[in-house]
Amino acid sequence: MIPPDPPLRLAVDSAALAGNYRALGALSGKARAGAAVKANAYGVGLPVVVPVLANAGCESFFVAHWGEAAAIIGLVDPSRVSVLHGPLNAQDAAYARAIGAKPVINSVNQARLWQEAGGGLCDLMVDTGINRLGLPMAALGDSHVRQLDVDILMSHLASADEDSALNAAQQQRWASLPAEIKARRISLANSAGIGLGAAYHGDLTRPGLSLYGGVPRPELAQHIRQVVQPQVAIMQLRQLCAGESIGYNETFMATAAMRVGVVALGYADGYLRCWSGKGCLHYEGQPLPVLGRVSMDMTVIDVSAAPHIAEGDWVDVDYDLPQSAAISGLSQYELLTLLGQRFGRPAG
Ligand SMILES: *Cc1c(COP(=O)(O)O)cnc(C)c1O
């Protein structure tokens, strides 16, 4: 028997997702837009996200781990999938060859591993200033690197969501790379980088966050729509008297009689304790503020504004990403990738 649907779900607005993809493509000018879909499409769900993006015209997909490549190759042609972490050992390189996904080569050692496994078309990540994963520019002349058959020659911006001098410095270093390494396409910009303008676009952009409703730079704000709407069912309604407290450690105390609801959403679902006393849900346009501590599997909300609400009714969790980041102190990236395994993720 299939287990019943869980009392919490992520409603994914496919039209908004496709619209965001097209908007980012248009903002990318002459470049095409690919899609970063690592970490289960930022928590939104690969099986829901990838078909929508593919239908909207996306041809290049980026995941981080080989396990994520396994999860996506049933959804798109493996030759369109790039694995950002690259091969860490011979097994990874053999696996890449077996499934036909491209490794992103990040070091001389990875270039050597790839050639020892038989090689083939790959991508190359060059570090131009983030000092994270990527081939140092000083290693561009290495013979293993020179022998690579490179599709996407890329670099990654450290501070594209800020007006930092590092952006232009990285752009200049990246623009000098094709003189050293032959490649079919060049790529630099993430979501925020798209907002930095044409000099950052190359042949391919790699948005992630903004596909899913995140706004890392003001230039993108008017183009990006909310995609993810967490929804949760009311499990229980109860009446509270003045002087009664709610939840662990009694952090909320009723000053008058009030009606409250218990919803199946907690920090194990990514609704962290920072939302305690700060978060808000909505029912038919009425706000239902979070009361007291968020616990592992449950949160209590004030339903005074919705006198007709009943047990079993579904309510929307306020989750506009820029606004939620400002209220919670979490980043827009964290807000997405925290969304836990217990959410139903229906397509549609
Ligand atoms: C995650 C990632 C992206 C997407 O970045 P966003 O800021 O989410 O748009 C692009 N490129 C690389 C290499 C990444 O790791």
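Counting starts at 1 for both ligands and their atoms, following the listed order.
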Name the residues in contact with ligand 1, where contact means a heavy atom under 4.0 Å away: which are they? Ala36, Lys38, Tyr42, Leu84, Met125, His156, Asn190, Ser191, Arg206, Pro207, Gly208, Leu209, Tyr333
Please determine if Arg9 forms a cation-pi arrangement with Trp314, meaning its NZ or CZ atom is less than 6.0 Å from the six-membered ring centre and no more than 45° off the ring axis. yes
Test your reading of the model: is there a side-chain donor-acceptor pair from Arg97 to the backbone of Gly119, 3.5 Å cut-off? yes
May I ask you to test the Asp297-Arg342 pair for a side-chain heavy-atom distance under 4.5 Å? yes
Residue pairs passing the side-chain hydrogen bond (donor to acceptor under 3.5 Å, both in side chains) test where at least one lies in residues 162-171, sequence neighbours excluded: Thr128-Gln170, Asp163-Arg217
Contact summary for Ser331 and Ala325, nearest pair of heavy atoms: C-CB, 4.4 Å
Is the closest basic N to carboxylate O distance between Asp151 and Arg184 below 4.0 Å? no
